[in-house]
There are 2 protein chains.
Amino acid sequence: MINITDVAREAGVSIATVSRVVNNNDYPVRAATRAQVLEAVERLGFRPNDLARGLMQKRTRTVGLLVPDLANPYYPEIARGVEDAASAQLYALVFCNTDRRADKAEYYVNTLLQKRMDGIIIAGGGTDFTEASTAFAEYGAPVVFIGRHAEGVHSVQISNSAAARDATSHLTMLGHRAIAFLAGPLALTSVQDRVDGYRAGLEDAGLEFDERLLREGDFGERSGYESAQALLAQDPRPTAIFAANDLMAIGAIAAVHDAGLTVPGDVSVVGFDGIALASYVRPALTTVAIPTYELGAAAMRMLLELVERKQNPDLGPEPEGGRTTWLPTELVVRESSGLAPGAQRGDGERAS
Amino acid sequence: MINITDVAREAGVSIATVSRVVNNNDYPVRAATRAQVLEAVERLGFRPNDLARGLMQKRTRTVGLLVPDLANPYYPEIARGVEDAASAQLYALVFCNTDRRADKAEYYVNTLLQKRMDGIIIAGGGTDFTEASTAFAEYGAPVVFIGRHAEGVHSVQISNSAAARDATSHLTMLGHRAIAFLAGPLALTSVQDRVDGYRAGLEDAGLEFDERLLREGDFGERSGYESAQALLAQDPRPTAIFAANDLMAIGAIAAVHDAGLTVPGDVSVVGFDGIALASYVRPALTTVAIPTYELGAAAMRMLLELVERKQNPDLGPEPEGGRTTWLPTELVVRESSGLAPGAQRGDGERAS
DNA sequence: CTGAAAGCGCTTACAG
DNA sequence: CTGAAAGCGCTTACAG
């Protein structure tokens, strides 16, 4: 393991000079000296030790990302946005998957803290991060949340309720009157907001909320399959199923199919997220598309701005209370949603 | 940012004592002293700086994982296995997505090296890692590959050719004689092996390899869709499509559907990987299931053994040349593959 | 332009 | 059982 002293000896200069050359900042170094050092670095294959560097500079140029569930394609896509925005500024990323388990979340928060990350992004939910967030704040490391709200925190979000309301209206306009909602874990604010939007959408059409049509799921395919199966056994049977994410919607389509019914002929299905696969399943899935990649990228840009501000107090203090960036969603209508059985185009329109 | 000196002062002991207590090893410390220190740690919220620790110990208890494509559910599943095996031993994981781009791969390898990772796992392909691998070796950090071969490296693998041969035979047994293969990038050894297996499977049934039925893809849904579309326009039209991964298979099913044909009535489709979604699309996908999670876990266990051996020379030297662990695959027959049009059960049997 | 020296926050022989 | 001190590999005032 060759170090800065080896390079200094090889180049016949001091370690201070090596440091200056390697860091390539605007510090003046004679061209000839620089060349000697560079050659020694090359010859020896020197790679500066980031641990030592971080220890001195009190910054690691590394940020953490906590996601609840890698198996859901939604999060890898967020991760891509986060990662691209990070590497654009030469920041490294430490990626942690909590599996929605509080113990893993705590473990990772601790690890990230001990590794002195410059900041952290927390995507999705599953556990309470107030404590984690406080711990980071104490260490002066900014925190940005994706897709959840709380008092005084920085976040990047979409309007879950408005999006869910629109999707529900899409179904009422098609004449559906028994519209089920497959929720995700009700502990999540994003899920609560989607439920609110769903209810608002029903109300807009003069429909009553029926709790038998609301089911809690866990965002997995199986959960969508099983919930849909139960829903389809009910009487009267819903003619539309709106799922709180695409994976559950895909599970629901499978359940409708296995029940000997067709989508959208007998039952319409609408998802949420807009994962890539949604346009490749058949029937192609109508869904609320979230700008997932951009959500990640925006969160990272916000975080890095906060980090830079911390390192560089000239930029002024951190904004009070926590900023929120809102990103738009879009209802993408594909094949999985259609007219309610027996309805005619326009049936639902007076309701809107 | 409170440090070990603060704790020592608060507890009225030396920093050496604090260090011993915090590290909780078998070093003898009087119970009363220990209690004082622990209380001070608690009161102050002390979190030891891993940078300083790593600098002294010359180990970070952190390993890197390089994956080529987070958008393919195959890799997140590998990552879960890697991560669980790592945290079981209290190792942290730095996760890097190369997007199959050589520049990103090089950038991350450099970063991981500078951060003094104890070891690295390289999953999948897309770029050449001989150089990266050498660089790590020079720094004494072990490397384990998942799913690719090369001389003298450690790896965890499946038998791609045998698996592809079996899947091909499954189709020939169903009476298919025009079987297309949607390959992934032909630069990957895993893809080359799958092509070999496909050809062997054809040969077993006395079928000739037809290069018009082989297409190179990129493992994405779109690529599967477009390749299948082109294939379906050929004359004679293949009655079966075997894709080198599930995402392309799902794209292929969509293409068959959009061409007004049915799966498996007109065209059978078989995938490779066994992602969770494969059993939730309709028709459910017949596929070669890879023990993905276990592949990741096995790779991490192998890596950690190499790391421990390096730290602890009593365990003996690193095994010569590179070990390979082989994991089994399984053909999971679902709905997407069936008898060739016009064929009768048993038609293909004499061929085997 | 260059170098000697202090210091980041720990761990670990060494001495007592 | 406990502490003083050296040292890990860097960066950065400070002096020249």
Side-chain angles (χ1 to χ4, degrees), chain A residues 1-38 40-41 44-62 111 113-118 139-140 311-312, chain B residues 1-38 40-41 44-62 111 113-118 139-140 311-312:
Chain A
M1 198 87 97
I2 95 111
N3 62 27
I4 199 173
T5 308
D6 300 327
V7 177
R9 189 184 315 115
E10 178 83 5
V13 299
S14 73
I15 61 167
T17 299
V18 175
S19 173
R20 285 165 192 140
V21 171
V22 167
N23 286 299
N24 197 29
N25 45 23
D26 48 3
Y27 200 96
V29 176
R30 195 155 53 97
T33 311
R34 179 181 302 276
Q36 277 173 70
V37 171
L38 256 16
V41 164
L44 267 35
F46 173 58
R47 312 212 182 226
N49 185 325
D50 275 349
L51 301 174
R53 200 185 282 207
L55 191 55
M56 271 306 297
Q57 300 189 139
K58 292 178 177 304
R59 73 181 295 182
T60 52
R61 291 195 81 85
T62 307
T111 302
L113 238 19
Q114 298 202 173
K115 289 189 179 301
R116 298 299 191 261
M117 300 288 102
D118 290 340
Y139 270 78
Q311 307 284 338
N312 200 343
Chain B
M1 196 88 94
I2 95 110
N3 62 27
I4 197 172
T5 307
D6 301 327
V7 177
R9 189 185 315 113
E10 177 84 5
V13 299
S14 73
I15 61 167
T17 299
V18 174
S19 173
R20 285 166 193 140
V21 171
V22 167
N23 286 298
N24 196 29
N25 45 25
D26 49 2
Y27 200 95
V29 176
R30 196 155 53 98
T33 312
R34 179 182 302 276
Q36 278 173 69
V37 172
L38 255 17
V41 164
L44 267 36
F46 172 57
R47 311 211 184 229
N49 185 324
D50 276 350
L51 301 174
R53 199 184 280 206
L55 191 54
M56 270 307 295
Q57 299 190 139
K58 294 180 177 302
R59 71 181 297 179
T60 51
R61 292 196 79 86
T62 308
T111 301
L113 239 18
Q114 297 202 174
K115 291 190 177 302
R116 298 299 192 260
M117 300 288 102
D118 291 340
Y139 270 77
Q311 306 284 339
N312 198 344

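Below, chain A is the first sequence line, B the second, and so on; all start at residue 1. Here the structure is a predicted model, which is why all the values come from computation and not from measurement.
Here the side chains of Arg47(A) and Arg116(B) are in contact, with some heavy-atom distance below 4.5 Å. Proximity of Asn49(A) to Leu55(B): side-chain heavy atoms (C-beta onward) are separated by under 4.5 Å at one or more points. Looking at heavy atoms from C-beta onward, Asn23(A) lies in side-chain contact with Arg53(A) at the 4.5 angstrom threshold.
Remark: side-chain polar atoms of Asp6(A) are not paired, donor with acceptor, to backbone N or O of Arg9(A) under 3.5 angstrom.
In this entry the distance linking CG of Leu55(B) with P of dG9(D) reads 7 Å, nearest Å. If you measure from atom NZ of Lys115(A) to atom P of dC8(C), you get 22 Å, rounded to the nearest angstrom. One interatomic measurement links the two molecules: CG of Leu51(B) to C1' of dT11(D), which rounds to 14 Å at whole-angstrom precision. dC8(C) atom P lies 20 Å from atom CG of Asp50(A), rounded to whole Å. At whole-Å resolution of the value, CZ in Arg59(B) and P in dT12(C) are 10 Å apart. Here the C1' atom of nucleotide dT12(D) and the CG atom of Asp26(A) are 14 Å apart, to the nearest Å. What separates CZ of Arg53(A) from C1' of dC8(D) is a distance of 16 Å, to the nearest Å. Separating the OH atom of Tyr139(A) from the P atom of dC8(C) is a distance of 16 Å, rounded to the nearest angstrom.
The base of dT11(C) is not paired with the side chain of Tyr27(B) by any donor and acceptor separated by under 3.5 Å.
DNA chain C lies under 4.0 Å from at least one heavy atom of each of the following residues of residues 8-23 of chain B: Ile15(B), Ala16(B), Ser19(B), Arg20(B), Asn23(B).
Relative to the side chain of Met56(A), the nucleotides dC10(C), dT11(D), dT2(C) differ in distance, and dT11(D) lies closest.
By the salt bridge (charged side-chain N to carboxylate O under 4.0 Å, His left out) test, Arg30(A) pairs with no residue at all, sequence neighbours left out.
Considering only side-chain N and O atoms, Asn3(A) lies under 4.0 angstrom from the phosphate OP1 or OP2 of dG9(D). Between Gln114(B) and dC10(D), a side-chain N or O to OP1/OP2 separation shorter than 4.0 Å is absent. An OP1 or OP2 oxygen of dG9(C) is reached within less than 4.0 angstrom by a side-chain nitrogen or oxygen of Lys58(A).
Using a 4.0 Å heavy-atom cutoff across all strands shown, Thr33(A) reaches sugar-phosphate atoms only and no base atom.
Here dA4(C) sits opposite no nucleotide as a Watson-Crick or G-U wobble pair (both hydrogen-bonding atom distances under 3.5 Å). Under the Watson-Crick or G-U wobble criterion, with both distances below 3.5 Å, dA13(C) has no partner in any strand shown.
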Handout entry: Residues Asp50(B), Thr60(B); criterion side-chain contact (heavy atoms from CB on, under 4.5 Å); working and verdict
Key = CA-CA 8 Å; Asp50(B) 276 350; Thr60(B) 51; over 6 Å; no

Problem - Evaluation steps, side-chain contact (heavy atoms from CB on, under 4.5 Å), between Lys115(B) and Thr62(A) - result: CA-CA 10 Å; Lys115(B) 291 190 177 302; Thr62(A) 307; 2.6 Å; yes

